[in-house]
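Read through the structure below, which is laid out as structure tokens, and then see the notes.
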Amino acid sequence: MAQINLNKIAHSYIKHPTGDSDYALKLIDNIWDDGGAYALLGPSGCGKTTLLNIISGLLVPSKGRILFDGKDVTDMPPEKRNIAQVFQFPVLYDTMSVFDNLAFPLRNRGFDEDSVKTRVLEIAEILELTPFLYKKAAGLAADAKQKISLGRGLVRSDVAAILFDEPLTVIDPNLKWQLRCKLKEIHEQLKLTLIYVTHDQVEALTFADKVVVMYEGEIVQIGTPQELFENPSHKFVGYFIGSPGMNFLPCKVDGNIAVIQDSHGVMIKNNTSAQSLGIPLNDTLTSLASKASGQLELGIRPLYLKVHPTEVKGALKAKVKALQDHGNFKIITVILAGHTLRARLDEDDFTGTEDVWLEFPVDWIRLFAKERLLK
Amino acid sequence: MNKWEDNKAWFLVLPVFVIVAFSAILPLMTVVNYSIQDIFGPGERVFVGLEWFEEVLADPRLHEALMRQFLFSGLVLLIEIPLGIGIALLMPKKGWGASLSLVLMALPLLIPWNVIGTIWIVFTRPDIGLFGSFINGIGIPFDHTASPIQAWITLILMEVWHWTPLVVLLAYAGLRAIPEAYFQAAKIDGASAWAVFKYIQLPKMRGVLTIALLLRFMDSFLIYAEPFVLTGGGPGNTTTFLSIYLVKIAVGQFDLGPAAAFSLIYFLIILLLSWLFYQVLQNAGKGDA
Amino acid sequence: MGLSLKNMQKKVDGEIHLTNINLDFESGSRNVILGRTLSGKTSLLRLMAGLDRPTKGQLLLDGKDITGMSVRKRSIAMVYQQFINYPSFTVYDNIASPLKVSKMDKKEIDRRVQEAAHMLHLEEMLDRLPSELSGGQQQRTAIARAIVRDAELLLLDEPLVNLDYKLREELQIELQEIFKKRESIVVYTTTEPAEALMLGGNIVVLDEGRVLQTGSTPDVYHHPATTKVAEVFSDPPINYISCDLKESQIQLGGGVAFPLSGRLKTLSDASYKLGVRSNHFYLRRKNDEDIRLTVKVELAEINGSETFIHADFNGERIVIQEVGIYSRKIGSEIEVYVNPSRFFVYSDTGQLVMSPS
Amino acid sequence: MNLEWMAWTLPTAIFFITIICILIAMTTWQIISPCVKRRGFIPLSTTRGDRLFIGLLSSAYIHLAWLGLTDFTIWIAFAFSLVWMGVVMRWG
Amino acid sequence: MKIKKRTIVLTFYFVLLLLPIYWMLNMSLRTNADILSTFSLYPKDITFANYVKIFTDASWYSGYINSIIYVSINTLISLFTALPAAYAFSRYRFIGDSQMFFWLLTNRMAPAAVFLLPFFQLYSTFGLIDTHIAVALAHCLFNVPLAVWILEGFMSGIPREIDETAYIDGYSFPGFFVMVFMPLIRSGVGVTAFFCFMFSWVELLFARTLTTTAAKPIAATMTRTVSATGLDWGLLSAAGILTIVPGALVIWFVRNHMAKGFAMGRV
């Protein structure tokens, strides 16, 4: 087990990078705790696999050092780093039995056969592979194969970290639930440092203690799932985490009121009252806004946006554009001052109105300037 | 795989069928006809039943040629396959080196087979050949036209020289097709180079190696032009393989009946081998997927 | 009028892929085929497209038998799960290809291609080759090609399954808009209940090559006719609790019993399976009628705004989905509440006896 | 066209006609009732056509072995081959 | 260090591989008298006389021309018949498909010697003896199956869904095949052409049997030279070297696709 220190790492696949845009990874400077379950989350091409390969040693970063428990391992090959990795597709030794597959990393390191056996049986038990132990690995179903790949990663008790590169891609949706639970249980039991790369926010959020959100070669936020959800430090996090993503409204703070602007930056008048459309803020938000520079944006999660079918004092009137049934809940899409907002309704909530009134609970309002959260 | 079911596809196959049937079925029928008759000349023939078959089956020279053939094919495979794999492992994986190696490697395959024989005559003659005079020079009298053992060694050397590149190319292609993740996983698992070879490269190459093995076996079984040019089957009959013997009977002695019976037996052996080949191929394909 | 499948069957190598399929799709309707992997969704689409011939049965379009008609002569469009485009054509030529073949006027082709490209945000990519696009853009191209001509039948085979999560979300919304404007019959397959519900329209629930249930999508969601349908149509998986009904008391395992109330009163004595969707379990009492169950926590997953608690209730594994963040220790016993009015009541054989009103 | 060079004889003509008839019959059979791959005592899953081929090829070898190893009439080998063909087609 | 060792071993192998060819080149640049009188590792007095003779003597150079003619005809026939057939095998299931495919393969494996005599008589009957087309047709016996086999592999690598999309779009089969499909299997066609060329080029038995003078290939010219008068080693070597040239040229052009062709394991 180890703490992983990424010390000012940057990487470019081009030999002589000229500008910032030549870098697949811009500047990563972080310390990841021992025994934590981390998820690297981001869209395709955000650099998450590059970062993973740097940690595993398959890639040497162009700049910066990487340390395991304070020891510089930047130039060490993967086998010296004491890590395990599970790939997107099952990687198996076809000619070996499941047992031999699991035992392979131990045998290569010269463990005696008794301890190999104990450990393999233990891991097989956890992964429910015991019934297949003496079968050829090649003949098994995709999920069993992927479990073997997982097993080969888990079998060494001394590894610094186990890295997962979108390991559930090939697994049927129904089995994903089960395998994810398995992984989570294993983490609880064995307290390993796990790093899990994925583009699927559900996988990332349910699996990890700490989620590392990457965007265009940078880490935009590291936090617990709850932090990412409640206080996204970057607009991208707000958009990427949560389904649907966070609502954003450009605004200007006037006193303790956030006045909504249309896409040209013009304030919108409310037809009926000839007043600006305003959302009341609290003192903290007001003072944050006063210190900020640049265009302000108000963000609120669909989950927290309150929607009323009838007029409520202080609520803003909006037009309903669409209502989607998700089964467990509904998503309502409304238009407010030309901006599209989404809100989450309970499955039994109202349907069939043309206008709704929106209430913005002040505790859940977040303000952003230059794409960053004000705090 | 999932394919469309449609018997109209036969129309697409028809041209191939016609062109191959013309060259394959009519001659084959003729061979069958010849095999049960004694033919003296155009229009002069006598039905003899299965006599030629009995004669050919009892012919000790055929038995010898067959044994020689198996020995030769066996030896050639034993050398070419491991050598081919070894060389393939050494080949550079990318860049101009890979390109150049591939082109050089393929050169011997592009030479007409009788020219291969010629090259090796020129190369091994004790008077003017580099190889021949070199062996002579180190004190071993070398003359493959006189010594059966030396004739065999020369033939095998030539065959290995000629065809190992094919094994190399196949094995190389097989190696290149292994996803990088396997090597990464093996590295992380701490596998030695030998373990990587034994547990990843060799099993993953199984498909192409089967093909290489069978192709080489079949082709060495059919070998004609190279030994014909190099040794002419001699000295004596010591390098007379099946094809050479067959041509000797058919063209040399113009014994059409026995030659036809011989052809059919030869053909049946080949048919069985190709069938096995085909089955293994299909299963190898499944194994890879 | 529309497309009808009459008694269709598909056998491949003696293995039955689809059997006894009788379906009607009306013109202008939106239809979802929901089923797990290998349930026969793709086979069914292929039969409808005419790419495969059924072993038995007929395909009728507006009452006319078109079972043996060549694909070329039909008016269909299809989007595959893989990103299928002509690799040697530019995006523009890809989208234009069905129009070019039909010898349409050049200007009209251009107009339609631009329109389709605009709808799918591909204007910038028109000169590129598919291999130069991201997965999402490739699939957009495929969709654009499918909608550029007004085919009578638009088939989409899990078109979003290979895309990144967020892209999927975007395209789901866009597709809905696009479908609304079509007069063609849209058939869309998916494995995901949420996707099926979003698309709405009618649904066909498929399992192991059989049609389990058809109807309007929300209707089937709220009244899944068998336990199998409920399983396929719930994510996270629906929970089942076995119970016995005796003397007006429902007895669950572990000594939990409660009297019948409301609509449940009409049930007669027997063994039942109670189905409860994960989001109908709560960690707090919401209502006086709620029943309290004591369960053992096996795992708690936190997903930003929601918590999934996997727990064991008398040997039956259940998942509790609750909005909000709740961490619970593994192995600890917790209390969960469920309102009996939320129960789907199934008979022992898995037939729906009663669904929540 | 002069086919004299092919040197036809009655027995070979009968032989080839029989083969052609078998092929036609197999095709018709396949059209009427398509065959499913199965696995019998031959360690491969085979279709009817495969079994026919295996039967014919092994029959040829039976004849050759008979000719090479014994001096009895070839008709015994022929009868034996027929039985063998039946066995392969039915249980192979 | 490790990389160096592997380069050394590989270089050593290539030296051995090229040595016989080099020796032939060496011989070809010397006169016969020189060859027989002195042993030399390299040509001391380089002479191109042997090459000049080949290029000026019709009995020699016509051999090359003949070979190139029938090899080209054969390659074209093989490709054009094999393309639709390979498509059928890669896309359709039809009665007897696997049997047909196997039968084609057996022809690739059949020993030429077996067919020699009937071939001669068959082509005599049609009056084709000593024509280019005869050799080209005879070589189809093994080249067409080979072409079908290689192309089938390449075609199977193209997802069937592309074909379906084209049919759904309304393409006719020929339209689809030429406009959509051919560009996709271009490299496959290249590789196939290369192999057909090569196997037709290296074959001797059929080519020798079916020709006498007018269409006599270079390979046959050479064997006859050897067996009759021709112990003019210099001339023979020069002719041999020249037979390598066309193949070497072709392989240089398809080198990038070659590995792919071999990867299909289909030779």
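Chain naming here is simple, since letters A, B, ... match the order of the sequence lines and numbering starts at 1 in each.
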Between C:S70 and E:Y167, does a side-chain contact (heavy atoms from CB on, under 4.5 Å) hold up when you go through it step by step? CA-CA 9 Å; C:S70 140; E:Y167 296 147; over 6 Å; no
Within 6.0 Å of CD in C:E15, more than 12 heavy atoms from elsewhere: no
Criterion side-chain contact (heavy atoms from CB on, under 4.5 Å) on E:E164 and C:Y80, from CA distance to verdict: CA-CA 10 Å; E:E164 292 178 349; C:Y80 292 90; 2.3 Å; yes
Residues, nucleotides or ligands: over 12 heavy atoms within 6.0 Å of C:H118 NE2: no
Does E:Q99 have more than 12 heavy atoms from other residues, nucleotides or ligands lying within 6.0 Å of its CD? yes
Just wondering, more than 12 heavy atoms not from E:L18 lying within 6.0 Å of its CG? yes
CA sep, side-chain torsions, deciding dist, call: C:Y86, E:L184, side-chain contact (heavy atoms from CB on, under 4.5 Å): CA-CA 9 Å; C:Y86 305 124; E:L184 297 184; over 6 Å; no
Other residues, nucleotides and ligands only: do more than 12 of their heavy atoms fall within 6.0 Å of CD on C:E183? no
Of all heavy-atom pairs between C:R149 and E:D169, which one has the smallest distance, and what is that distance? NH1-O, 4.0 Å
Positive for side-chain contact (heavy atoms from CB on, under 4.5 Å) with E:E161, one of C:I84, C:N85, C:L51: C:I84
Give the intermediate values and the outcome of side-chain contact (heavy atoms from CB on, under 4.5 Å) for residues E:M179 and C:V101. CA-CA 11 Å; E:M179 310 237 318; C:V101 175; over 6 Å; no
Return yes if some donor-acceptor pair links the side-chain N/O of C:R74 with the main-chain N/O of E:I168 below 3.5 Å, else return no. no
Crowded around E:R186 CZ? As in, over 12 foreign heavy atoms under 6.0 Å? no
Taking side chain as C-beta onward, heavy atoms only, is E:I158 less than 4.5 Å from C:P87? no
Nearest 0.5 Å, what's the OG-OH distance between C:S102 and E:Y171? 10.5 Å
Atom CG of residue position C:D127 - does it have more than 12 heavy atoms of other residues, nucleotides or ligands inside 6.0 Å? no
